[in-house]
Amino acid sequence: AAFEARCLEEPPTLAFARREVGVVCPQAIGAMHVFGEGSGKALGEALKATSSLKTLDLYYCSLGPDDGKGLAAGISANASLTSLSLNYNALGAEGAKALAPGIAGSASLSSLLLGGNHLGPEGAKALAPALAANASLTAANLLRNKFDVDAASMLLKAKQENPKLT
């Protein structure tokens with residue numbers, strides 16, 4: 001509660017994101033409704049700057065398609081992040097396409113939650129190869145994203161290619 005109160009009083013600037021991610025909460029961040037669309041770049045830079053963050057929970061933060069690219073750079077550069085929740089944002093297919101390289105390139109990420117992001121079939125097609133390629137990933141939740149049969153088949157194939165993935 002104290003963290004959420006502090007977050008709501010300040011704008012989501014790069015300095016703020018770095019301070020919160022790197023110093024105040026070195027192990028875990030939970031930030032419901034805190035950052036908002038346009039914060040992906042600052043969050044990505046903060047992820048690059050910290051080496052102790054293990055959990056980043058950005059559910060319901062109104063992150064949009066453009067935030068995926070900034071986050072992706074931070075995800076792949078951060079060696080300590082094991083759990084990332086982006087549930088119930090508005091990433092869409094474009095956000096999934098932007099996130100995919102970061103997911104594929106992460107050597108530490110073991111849990112990924114992307115439920116309720118309006119990813120659709122195109123988002124699933126973009127994410128499937130990244131899920132298959134990430135050797136550290138053991139859990140991925142992509143529920144409530146309106147996948148069609150072809151998209152579901154691609155995700156199933158990714159799971160088969162990455163047997164650690166559940």
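Because only heavy atoms are used, hydrogens play no part in the values below, and waters and symmetry mates are left out as well, while side chains stay in. Along the sequence shown, residues are numbered consecutively beginning with 1.
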Do Leu47 and Ile75 pass the side chain to side chain contact (heavy atoms under 4.5 Å, CB included) test, and can you show the C-alpha distance, the side-chain angles, and the key distance before you say yes or no? CA-CA 7 Å; Leu47 283 170; Ile75 293 165; 4.2 Å; yes
Would you mind listing every salt bridge (Lys or Arg N to Asp or Glu O under 4.0 Å) that reaches into residues 154-166, with sequence neighbours excluded? Lys157-Glu161
Starting at CG of Leu84, measure out to OG of Ser106 and round the result to the nearest 0.5 Å. 9.0 Å
Rounded to the nearest 0.5 Å, how far does CG of Leu113 lie from CG of Leu86? 8.5 Å
With Asp150, which residues qualify under side-chain contact (heavy atoms from CB on, under 4.5 Å), at least two apart? Asp148
Please enumerate all residues that pass side-chain contact (heavy atoms from CB on, under 4.5 Å) together with Lys48, with sequence neighbours excluded. Glu45, Ala73, Ala77
If we ignore hydrogens and angles and just use 3.5 Å, is the side chain of Ser108 paired with the main-chain N or O of Thr82 as donor and acceptor? no
Would you give the length of the straight line joining atom CG of Leu43 to atom CG of Leu63, rounded to the nearest 0.5 angstrom? 6.5 Å
For Leu109 versus Ser136, what's the shortest heavy-atom pair and its separation? O-OG, 2.6 Å
Once rounded to the nearest 0.5 Å, what's the spacing between atom CG of Asp66 and atom OG of Ser39? 11.5 Å
With sequence neighbours left out, write down each residue that passes side-chain contact (heavy atoms from CB on, under 4.5 Å) with Tyr88, or none if nothing qualifies. Tyr60, Arg144
Heavy-atom closest pair (Ala72 atom, Ala98 atom, distance to 0.1 Å) is CB-O, 3.2 Å
Do you know the tightest heavy-atom contact between Cys61 and Asn89? N-OD1, 2.9 Å
Ala133: partners by side-chain contact (heavy atoms from CB on, under 4.5 Å), with sequence neighbours left out: Ala104
Please tabulate, one pair per line, all N/O donor-acceptor pairs under 3.5 Å involving side-chain atoms of residues 90-97, not counting sequence neighbours.
| residue | atom | partner | partner atom | Å |
| --- | --- | --- | --- | --- |
| Glu94 | OE2 | Lys97 | NZ | 3.2 |

Output, in order, the C-alpha distance, side-chain angles, deciding distance and verdict of side chain to side chain contact (heavy atoms under 4.5 Å, CB included) for Asn141 and Leu112. CA-CA 6 Å; Asn141 180 330; Leu112 176 65; over 6 Å; no
Any chance you could lay out the side chain to side chain contact (heavy atoms under 4.5 Å, CB included) test for Asn117 and Asn145, step after step, and finish with the verdict? CA-CA 6 Å; Asn117 268 287; Asn145 277 298; 3.7 Å; yes
Between Ala158 and Leu131, the two heavy atoms sitting closest are CB-CB, 4.3 Å
Locate the shortest heavy-atom distance separating Leu58 from Leu71; write the atom from each residue and the value. CD1-CD2, 4.3 Å
Heavy-atom closest contact (Ala130 atom, Ala100 atom, distance): CB-O, 3.3 Å
Answer yes or no: is there a side-chain heavy-atom contact under 4.5 Å between Leu114 and Leu127? yes
Rounded to the nearest 0.5 Å, the CG atom of Leu81 sits from the OG1 atom of Thr55 at a distance of 7.5 Å
Report yes or no: do Leu165 and Phe147 belong to one cluster of Ile/Leu/Val/Met/Phe/Trp/Tyr joined by side chain heavy-atom distances under 4.5 Å? yes
